[in-house]
Amino acid sequence: MNYSFIIRRAIPSDSEAIHKILLEAFKKYQKVTQISEDVEALKETIEDIKIDINKNYVFIALIDNIPVGTVRLKFLENSTALLSRFAVNLNYHNIGIGKSMINLIDKIAKNMNLKKVFLYTASKHYDLVKFYYNRGFHIDSTTKEKGYTRALMIKDF
């Protein structure tokens, strides 16, 4: 089946839908990586998402007006940005939504003359690490400060 989707900047009224996507995706993330405590994304409230929409670049992917994915970009010092809260509804994996959201981030990074975009992901989530590698990211380092091994992945521009 061919799906047609759009990705646009999120607005505050998208917060509840984004929250639902994040809960589903990060519960799976937690299960796959065998993390015992809730990851930060699972603690985020709808109000937190509204605040982030007003402060940073938050995107939502839609198929026939149904929210199916989300990603965030926070601009930092030294021409860098943090990619976070990347999630796609489990029923819509492997149809290009995630790739398209990362392509959009790449386009923004180039247009804003960023030097690098970075993200953190559980190093045990092999499919996700592989996905990021295939999008041009590499592992720069790892840390256990959150109670599990997280990989700092960087993409240079």
Side-chain angles (χ1 to χ4, degrees), residues 7 9-10 12 14-61 67-90 92-94 97-157:
I7 302 168
R9 287 281 299 265
D14 294 323
S15 297
E16 194 171 326
I18 290 170
H19 188 254
K20 184 177 176 186
I21 293 166
L22 290 173
L23 285 178
E24 178 191 53
F26 279 90
K27 282 179 184 174
K28 179 185 177 192
Y29 175 90
Q30 187 170 338
K31 184 178 179 181
V32 166
T33 57
Q34 300 173 344
I35 299 168
S36 57
E37 296 195 20
D38 282 351
V39 293
E40 284 181 31
L42 292 174
K43 298 175 186 174
E44 188 172 61
T45 66
I46 293 170
E47 192 58 38
D48 293 333
I49 295 168
K50 286 180 183 175
I51 291 167
D52 223 20
I53 286 170
N54 290 322
K55 285 174 50 176
N56 299 302
Y57 279 46
V58 179
F59 295 95
I60 188 167
V68 295
T70 187
V71 67
R72 297 184 200 175
L73 195 63
K74 180 179 182 178
F75 296 101
L76 304 170
E77 296 175 3
N78 301 323
S79 299
T80 64
L82 170 66
L83 185 153
S84 67
R85 302 298 195 263
F86 175 67
V88 176
N89 178 301
L90 302 181
Y92 296 93
H93 278 198
N94 300 311
I97 295 168
K99 288 178 188 175
S100 294
M101 287 193 295
I102 298 298
N103 289 344
L104 175 61
I105 297 300
D106 288 350
K107 186 175 182 179
I108 291 167
K110 289 174 186 170
N111 287 341
M112 302 289 269
N113 294 315
L114 296 180
K115 292 179 184 166
K116 60 182 67 181
V117 171
F118 67 95
L119 60 90
Y120 292 93
T121 194
S123 64
K124 280 186 171 183
H125 201 310
Y126 306 116
D127 288 342
L128 199 48
V129 170
K130 182 180 171 185
F131 173 85
Y132 291 129
Y133 262 116
N134 289 337
R135 309 276 84 67
F137 286 85
H138 68 273
I139 294 176
D140 183 72
S141 62
T142 60
T143 178
K144 290 189 177 188
E145 69 183 33
K146 300 279 184 178
Y148 61 98
T149 307
R150 291 172 69 209
L152 167 61
M153 300 192 76
I154 295 176
K155 183 171 189 176
D156 297 303
F157 291 91

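Values in this document were obtained by computation on a predicted structure and should not be read as measured data.
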**Asked** When rounded to the nearest 0.5 angstrom, what is the spacing between OG in Ser15 and CD1 in Ile51?
**Response** 9.5 Å

**Prompt:** Between Ile139 and Ile154, is any pair of side-chain heavy atoms under 4.5 Å apart?
**Reply:** no

Could you give the side-chain donor-acceptor pairs of residues 77-86 under 3.5 Å, partners two or more places apart or in another chain?
from	atom 1	to	atom 2	distance (Å)
Thr80	OG1	Glu77	O	2.8

**Message:** Listing request: all side-chain hydrogen bond (donor to acceptor under 3.5 Å, both in side chains) pairs with a residue in residues 147-157, at least two apart in sequence or in separate chains.
**Reply:** Asp106-Lys155

**Request:** For residues Leu128 and Tyr29, determine if any side-chain heavy atom of one lies less than 4.5 Å from a side-chain heavy atom of the other.
**Result:** yes

**Message:** Using every non-hydrogen atom in the two residues, find where His93 and Asn89 come nearest and quote the distance to one decimal.
**Reply:** CD2-O, 3.3 Å

**Atom pair CG (Leu114) and CD1 (Ile108), whose distance is rounded to the nearest 0.5 Å** = 9.5 Å

**Request:** Ignoring hydrogens and angles, tell me if any N or O in the side chain of His19 forms a donor-acceptor pair with the backbone of Glu44 under 3.5 Å.
**Result:** yes

**Fill in**
What one should report as the nearest heavy-atom pair of Leu22 and Ala87 is CD2-CB, 3.9 Å

**Message:** For the NZ atom of Lys28 and the NZ atom of Lys31, what is their distance to the nearest 0.5 Å?
**Reply:** 9.5 Å

**Request:** Apply side chain to side chain contact (heavy atoms under 4.5 Å, CB included) to Leu42 and list each qualifying residue two or more places apart in sequence or on a separate chain.
**Result:** Leu23, Phe26, Lys27, Gln30, Asp38, Val39

**Qualifying side-chain hydrogen bond (donor to acceptor under 3.5 Å, both in side chains) pairs with a residue from residues 110-128, counting only residues at least two apart or across chains** = none

**Message:** Quick test of your reading: applying side-chain hydrogen bond (donor to acceptor under 3.5 Å, both in side chains), list the pairs with at least one residue in residues 132-142, sequence neighbours left out, ordered by first then second residue.
**Reply:** none

**Message:** Quick one about Thr45 and Asp48 (side-chain donor to acceptor, distance below 3.5 Å, no hydrogens or angles considered), yes or no?
**Reply:** yes

**Request:** Would you confirm whether Thr70, through its side chain, and Phe59, through its main-chain N or O, come within 3.5 Å as a donor-acceptor pair?
**Result:** yes

**Asked** Does Glu37 reach the main-chain N or O of Gly147 with its side chain, forming a donor-acceptor pair under 3.5 Å?
**Response** no

**Request:** Apply the side chain to side chain contact (heavy atoms under 4.5 Å, CB included) test between Leu73 and each candidate in Val58, Val117, Leu119; give the one that qualifies.
**Result:** Val117

**Asked** Phe75: what forms a ring pair (Phe, Tyr, Trp, His ring centres under 6.0 Å) with it, not counting sequence neighbours?
**Response** Tyr57

**Request:** Taking all heavy atoms of Ala122 and all of Thr33, pick out the closest pair and write down the distance.
**Result:** CB-CG2, 3.3 Å

**Item:** Spacing of CG belonging to Asp14 relative to NZ belonging to Lys20, to within rounding of 0.5 Å
**Value:** 14.0 Å

**Item:** Residue pair Pro67 / Ile60: nearest heavy atoms and the distance that separates them
**Value:** CB-CD1, 3.7 Å

**Fill in**
Heavy-atom closest pair (Ile7 atom, Ala61 atom, distance to 0.1 Å) is CG1-CB, 4.0 Å

**Request:** Flag the pair Lys74 / Leu76 as yes when at least one side-chain heavy-atom distance between them is below 4.5 Å, and no otherwise.
**Result:** yes

